[in-house]
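Model, not experiment: these values are computed from the prediction. Residues: numbered from 1 along the sequence shown.
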Amino acid sequence: MSNTAWENLVKKQLKTEDIYPVLTKENLEGIVVKPFYDEVQSPLVNLPKVEENTHLVARYHESLEEDVFAFLLDKNVENLLDKTIFVDNVDLAGHISPKEEDQYFSLIDVFDEKENIINDQLVKELLAKQFKRNICVDISLHQNAGAAIYQQLGIALAKTKELTEVYGEGILNKLIFRVAIGGNYFFEMAKLRAFKLVFNQLSKEYNLDEIPYIFAETSLRNKASSDHESNLIRSTLELASAMIGGADAVFSNNYLVGKTTEISEEISFKQQIVLAYESIINVFEDASNGSYLVEDITRQIAQKAWTYFIEIEENGGYLDLMKQGIIQKQIYEHAAEEQKWVEEGKIKLIGVNLYPKLQVRKSVEDLYEEKEIKGVRWAEMFE
């Protein structure tokens with residue numbers, strides 16, 4: 001069908017000659033999304049992953065030892081042979097002495113976001129460990145605090161630049177990026193793909209050709225304490241975005257807000273099992289490659305992220321801007337605008353602001369601090 005024939009059909013269905021205002025969906029990211037695509041400029045080659053298959057990561061429980069390939073640990077567990085281990089506790093990391101064949105990764109952020117410094121002692125201790133990836137750059141907080149996608153990626157690059165300036169470019173292949181995946185399905189796929197592009201571009205500044213190791217977890221920002229079933233659906237879609245977008249490891253945070261049970265932990269992990277082994281989306285190198293929509297969004301996000309990164313660098317770098325409170329203010333401004341969209345119903349949360357079970361109780365000012373980056377769930381306004 002030609003574009004003109006398609007447009008005439010849509011005009012008939014919508015009963016209007018001016019179809020584009022109806023079909024065009026506004027977004028806070030500043031990304032242009034067309035009503036339809038018939039081509040993509042300069043198609044991308046497959047964007048690789050570090051891991052051939054996406055690691056499915058579960059919080060440790062003894063009942064899962066036989067079935068789970070990768071565990072997230074925040075306490076010591078003996079005799080976990082042939083498992084991939086993601087360490088999420090500073091004290092635990094200090095006691096681990098992995099062998100060369102062990103698959104250990106650190107998920108401990110080496111940036112002290114309160115003091116706005118790199119924890120040099122922690123970095124040196126972790127670099128001395130036989131971990132596959134020693135140094136974690138955590139931007140999950142920024143997503144949960146309401147940062148725009150381009151801000152999240154620009155900050156990840158800026159934090160990477162701070163590390164290379166102190167420890168040299170050799171640290172680039174020791175990094176693991178902890179990323180939170182939100183509910184904007186195609187945008188979040190594109191976020192991971194765009195990060196691969198901009199990280200690789202940064203590595204080429206050092207005459208290297210690196211791709212990032214991405215540990216992706218479900219967001220807390222769009223979860224509601226009163227609607228667990230909807231949380232479960234949201235986190236399933238987020239996991240799918242992460243796998244299709246090319247994450248090397250995925251982890252599902254508990255869909256019960258503020259509490260946990262053995263059953264909820266089991267269900268949270270089985271979300272990944274269904275996606276990986278029934279939908280078979282964890283084995284593709286770049287499953288969304290060739291999608292005109294995702295390719296176009298990927299390029300736009302990459303360009304905006306790189307521009308933001310350059311802006312940070314030209315104004316003194318990440319840590320300097322954090323000390324001045326500039327990064328915090330930029331995230332606050334986007335988060336507050338996003339929260340207003342939730343309040344107005346432009347961003348929809350089933351059971352919260354659409355078919356609501358709750359009423360507005362708090363204002364944007366009650367939830368956010370201009371001088372602090374902190375995680376805020378959208379639904380807190382209504383709880």
Side-chain angles (χ1 to χ4, degrees), residues 21-34 113 139-158 179-191 194-195 218-225 230 234 237-238 241 257 297 300-312 315 318 321-322 324-354 356 358-383:
V22 180
L23 297 175
T24 302
K25 187 176 181 181
E26 191 180 6
N27 64 78
L28 285 170
E29 298 288 343
I31 300 297
V32 177
V33 180
K34 299 177 183 178
E113 299 286 357
I139 56 167
S140 63
L141 169 63
H142 301 81
Q143 193 279 336
N144 282 305
I149 287 175
Y150 76 87
Q151 289 174 328
Q152 296 168 45
L153 302 190
I155 287 169
L157 293 177
V179 180
I181 302 297
N184 197 335
Y185 189 63
F186 294 110
F187 275 46
E188 293 293 333
M189 285 180 209
K191 176 170 82 175
F195 185 53
T218 57
S219 175
L220 301 175
R221 185 152 173 80
N222 59 352
K223 306 305 185 294
S225 63
S230 294
R234 292 177 189 122
L237 291 170
E238 289 160 10
S241 286
V257 173
I297 297 172
Q300 290 186 65
I301 290 174
Q303 289 166 359
K304 288 176 70 70
W306 188 262
T307 299
Y308 183 59
F309 163 59
I310 296 300
E311 179 186 314
I312 292 173
N315 287 282
Y318 177 73
L321 292 185
M322 284 288 288
Q324 297 178 52
I326 293 173
I327 299 286
Q328 296 93 319
K329 187 170 188 260
Q330 291 172 340
I331 292 175
Y332 164 79
E333 288 171 349
H334 185 271
E337 186 65 23
E338 195 175 64
Q339 191 71 49
K340 287 177 183 175
W341 275 36
V342 174
E343 186 175 10
E344 294 166 3
K346 292 181 181 178
I347 294 175
K348 294 177 174 56
L349 283 180
I350 303 296
V352 177
N353 64 0
L354 185 65
L358 308 167
Q359 299 298 319
V360 174
R361 298 179 183 178
K362 301 185 185 77
S363 69
V364 170
E365 291 71 26
D366 292 330
L367 297 171
Y368 295 90
E369 293 287 342
E370 185 174 313
K371 297 181 180 179
E372 181 184 358
I373 300 175
K374 65 174 184 175
V376 178
R377 292 180 295 105
W378 288 332
E380 287 182 50
M381 173 174 272
F382 305 84
E383 294 172 351

| note | Quick note, salt bridge (Lys or Arg N to Asp or Glu O under 4.0 Å) partners involving residues 367-376, not counting sequence neighbours, are none

| query | Under the side chain to side chain contact (heavy atoms under 4.5 Å, CB included) criterion, do I373 and M322 qualify, and how do the steps go? | reply | CA-CA 10 Å; I373 300 175; M322 284 288 288; 3.9 Å; yes

| message | Can you list everything that forms a ring-ring contact (aromatic ring centres under 6.0 Å, His included) with F186? Sequence neighbours excluded, please. | response | none

Under 3.5 Å donor-acceptor pairs involving side-chain atoms of residues 339-349, not counting sequence neighbours:
unit_1: Q339; atom_1: OE1; unit_2: Y368; atom_2: OH; d: 2.7
unit_1: Q339; atom_1: NE2; unit_2: W378; atom_2: O; d: 3.0
unit_1: K348; atom_1: NZ; unit_2: G345; atom_2: O; d: 3.3

| request: Output every pair passing salt bridge (Lys or Arg N to Asp or Glu O under 4.0 Å) with a member in residues 326-335, not counting sequence neighbours, ordered by first then second residue. | output: K329-E333

| remark: To the nearest 0.5 Å, atom CG of N222 lies from atom CD1 of I181 at 11.5 Å

| query | With the threshold set at 4.0 Å, does a side-chain nitrogen-carboxylate oxygen contact exist between R377 and E383? | reply | yes

| said: Can you give me the closest heavy-atom contact between E29 and A148, atom names plus distance? | reply: OE1-CB, 3.5 Å

| request: Considering non-hydrogen atoms only, spot the tightest contact between I350 and R234 and give its length. | output: O-NH2, 3.1 Å

| Mind checking what makes ring-ring contact (aromatic ring centres under 6.0 Å, His included) contact with Y318, not counting sequence neighbours? | none

| note | The salt bridge (Lys or Arg N to Asp or Glu O under 4.0 Å) partners of R221 (sequence neighbours excluded) come to E338

| query | Got a second to check how far L367's CG is from K362's NZ, nearest 0.5 Å? | reply | 6.5 Å

| task | In plain terms, say whether E238 and K223 are close enough for a salt bridge, that is, a side-chain N and a carboxylate O under 4.0 Å apart. | result | yes

| note | To the nearest 0.5 Å, atom CD1 of I312 lies from atom CD1 of I327 at 4.0 Å

